[in-house]
Q: 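Can you read through this structure? Questions will come right after.
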2 protein chains.
Amino acid sequence: MIHDPWEPPEVPLAVDLVILTLRGTSLQVLLIERAIEPYQGAFALPGGFLAHVEEDLGTAARRELAEEAGIEAGSLYLEQLGVYGEPGRDPRGRVVSVAYLAVAPRLPEPVAGSDAADASWQPTNRVLSGELVLAFDHRRIITDGVERARVKLENSALATAFCGPAFTIGDLQEVYEAVWGRPLDPRNFYRKVQKASGFIVPVGREQRTTVGRPARLFRAGLSSVLSPPITRPVAPAADAADTHPEEEG
Amino acid sequence: MIHDPWEPPEVPLAVDLVILTLRGTSLQVLLIERAIEPYQGAFALPGGFLAHVEEDLGTAARRELAEEAGIEAGSLYLEQLGVYGEPGRDPRGRVVSVAYLAVAPRLPEPVAGSDAADASWQPTNRVLSGELVLAFDHRRIITDGVERARVKLENSALATAFCGPAFTIGDLQEVYEAVWGRPLDPRNFYRKVQKASGFIVPVGREQRTTVGRPARLFRAGLSSVLSPPITRPVAPAADAADTHPEEEG
DNA sequence: TTAATAGTGTCTGTGAGACAATATGCT
DNA sequence: AGCATATTGTCTCACAGACACTATTAA
C-alpha cells in the first residue's frame, strides 16, 4: 500500500539456546544466572544478540554456545526450535529471538560467561514443574525444546548423540528413560533398537566391566531417521511434568 | 566479552505466508508474481516486512494475508513454520523471514496486491517438482509447509478446516487424498475417522443429493488432537515430490 | 432391476507390550 | 553355586490394510 520510499523496520535479533544433556539419569538444561537487568539474578537460557548484522543464525548459536558454555559445537546436534517474538517479552523493548536446541553427551560444569553471574546445569523437571522461575518466556522455550527432543528420540538417531562413541544398549535405554521420563522394558527395548535398521552397529564384539554379564558395545549407525521408529508409551508427560497444566502463550 | 556500550545489530524482519487450499482435488498454494526487483516476474510467496517495529509477528502475518489475498484470518488455522535467515537469501541484503502456514477451505481467486503483478493459486505439485521456479528460498519454504500440513493431518483435526461447516466422510477423504497425494481405501478410512474420538460428530442425520446412497453429514468435533491418529501410508512423498532429492540449506 | 455410492464385517500380517527362559560374567 | 545383568524367545492383543458384502438411493 506504500509506494513511497519506505524503510522496513529493523529489530534486534537474538538467539537463545536450549542445551540439554544427561547427568546421571536426569535430563538437565544449561541455565545462567543473569548478572544484569532485566531479570537480574533470575535463571535464563544462554544466548545473545547477533555479533554483526551479517552473522548467520546458526553461526550465532554456535558462537554463543562456545562463549557461554565453553562447548565446541562441531560434533553437536543443533536444530532450530522456533521464533519467540511477542512484543513485551523483553522489557527493554522489541526483541525477536530464534531458539535453537542442542543436545550433548555428559558435559563438564560450565563456567559463567560475560553477562552471567553463574552458569549451571539444572534438571528439566525443576523447570517444567515451575519450581524454578525463569526470565522472559524461557520456561516456554524449554518446554518446547524438551518436547521436541522427546519426539526426536522416536524418529531420529538423536539418542546416540547423548552417548559416547561406544555404548551398550543399556546405556541407550537410560537415555530414552531420562528424556521420556518413564521406565522401559529392557527386553522390548532391545528388540526395537535392533530392528531399526542402521540405528546402531556392533563394534568389534568388545565387552564392558560390570557386575553381571558383560554387554556388547555399539556405535551410532549411519541412519539418521529410524524406521521403524522407537515409539514411546502413551501419556507423553505423565511423571515428569504432571504437576499442573500448562498455560498457553 | 564486550562490556563497552554496544548496540545490538538490527535486521529487517519479514513474514512469508504459505497459504494452502483445496481446489478440486488438487492441493494448491497462493503465489504472487513479483512486480519489482529482485526476482521481478518470478513467482513468490505472499509476505512482507513488519509494518512497524512493535508489530506482532502473527499480526503481521494476518495483515499480509488480508492485504495480499483478501482473506480475513479470523477463523483461519495459522501456524509458525520456521525462520529462514541465511545471509544471501535476499540479494538486497540481510533479511530474516518468519514463515507461517495457513490452511483454508476453497477460496475465491485472489486479487493482486501492492507489489504483485498477479496473484494466483498454483498446484503444489508444480512447485515441489521444480516445474515452477520461485524467488528466494521459497521453494524450500513451501516444501516444509506442505510436509508440515501432511503431518498435521495425521495428528490433528486440521482436515476439517479444509471442509465447510458440514461434510461427508467422502469429502474428508478427498482432503486427505489431496494433501497426501495418494488414494485411500474408503472402508478403512471410514473406520479410522470414526474411531478417532471427538474428530467428527454427526449432524442431525441429514443427507445429501448424490447419484448413489446419500451420505451422512458431519461437522468438526471438539478434539483438536486425534487419538488414535489417522496414519498415512508409508513412502511419505512417493508421487508428489519424487523427482529428485532435496538439497539441504 | 440396475447402477452407483455409502457403510459394515471379516481376514490376515505386523508390531508392541508382558514376561518366561537362557546366557555369561563376577564373587 | 549363587547372584546380577544381558540377550533371546514366546504369547497375546490391537490395529492397519485388503477386500467381500450389505444398505440405500435414483433412474
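Each chain gets a letter, A, B and so on, in the order the sequences are listed, and its residues count up from 1.
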Q: I want to confirm an ordering. Mapping B:Pro229 and B:Asp185 to their closest nucleotides on DNA chain D, which one lands closer to the 5' end?
A: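 Whichever sits nearer the 5' end wins; that is B:Pro229.
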Q: In whole Å, I'd like the distance from the OH atom of B:Tyr176 to the P atom of D:dA16.
A: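 To the nearest whole Å, that distance equals 13 Å.
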Q: Can you tell me how far C1' of C:dT5 sits from CG of B:Asp171, to the nearest Å?
A: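 Spelled out: CG on B:Asp171 to C1' on C:dT5 is 13 Å.
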Q: Checking contacts here: which listed nucleotide (C:dA16, D:dA18, D:dA20) is nearest the side-chain heavy atoms of B:Arg187?
A: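 Of the candidates, D:dA20 comes closest.
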Q: Is the A:Trp180 ring parallel, tilted or perpendicular to the A:Tyr176 ring (thresholds 30°, 60°)?
A: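 The arrangement is perpendicular - the two ring planes meet at more than 60°.
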Q: Taking atom P of C:dG17 as reference, at what distance in whole Å does atom CH2 of A:Trp180 sit?
A: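 Value for this atom pair: 9 Å.
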Q: Do B:Phe167 and B:Phe218 have ring centroids that are under 6.0 Å from one another?
A: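 No; B:Phe167 has its ring centre 6.0 Å or more from that of B:Phe218.
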Q: Roughly, in whole Å, what's the span from CZ in B:Arg232 to P in D:dG17?
A: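 Distance, rounded to whole Å: 12 Å.
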Q: Can you tell me the distance, in whole Å, between the CG atom of A:Leu184 and the P atom of C:dG17?
A: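 For the pair A:Leu184 CG and C:dG17 P, the rounded distance is 9 Å.
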Q: Please enumerate all residues that pass side chain to side chain contact (heavy atoms under 4.5 Å, CB included) together with A:Glu79, with sequence neighbours excluded.
A: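 Scan of A:Glu79 (side chain to side chain contact (heavy atoms under 4.5 Å, CB included), adjacent residues dropped) gives A:Tyr77, A:Arg148, A:Lys152.
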Q: Without decimals, in angstroms, what is the distance between B:Leu172 CG and C:dA6 C1'?
A: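 Value for this atom pair: 15 Å.
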Q: How many whole angstroms separate atom CZ of B:Phe218 from atom C1' of C:dA6?
A: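 Value for this atom pair: 11 Å.
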Q: Are A:Tyr190 and A:Asp185 close enough that a side-chain donor and a side-chain acceptor fall under 3.5 Å?
A: no
Q: Holding to side chain to side chain contact (heavy atoms under 4.5 Å, CB included), I want the full list of residues that pass it with B:Val201, two or more places apart in sequence or in another chain.
A: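 In terms of side chain to side chain contact (heavy atoms under 4.5 Å, CB included), with neighbours along the sequence ignored, B:Val201 is linked to B:Arg219.
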Q: By side chain to side chain contact (heavy atoms under 4.5 Å, CB included), which residues pair with A:Ser223, not counting sequence neighbours?
A: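 Testing A:Ser223 for side chain to side chain contact (heavy atoms under 4.5 Å, CB included), a comparison that skips the adjacent residues, returns none.
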Q: Mind listing the residues from residues 190-199 of chain B sitting with a heavy atom below 4.0 Å of DNA chain D? Number order is fine.
A: B:Arg191, B:Lys192
Q: Below 3.5 Å between N/O atoms, which protein atoms pair up with nucleotides 23-25 of chain D? Just atom names and distances, please.
A:
residue : atom : partner  : partner atom : Å
D:dA23  : N3   : B:Arg213 : NH1          : 3.2
D:dT24  : O4'  : B:Arg213 : NE           : 3.4

Q: Is a salt bridge present between A:Asp144 and A:Arg150, judged by a nitrogen-to-oxygen distance below 4.0 Å?
A: no
Q: Between P on D:dG9 and CG on A:Asn188, what's the gap in Å once rounded to a whole number?
A: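 These atoms are roughly 14 Å apart.
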Q: Counting only N and O atoms by type, is there a donor-acceptor contact under 3.5 Å from the side chain of B:Arg216 to the main-chain atoms of B:Thr168?
A: no
Q: Suppose we screen for salt bridge (Lys or Arg N to Asp or Glu O under 4.0 Å). Which residues come up paired with A:Lys192, at least two apart in sequence or across chains?
A: none
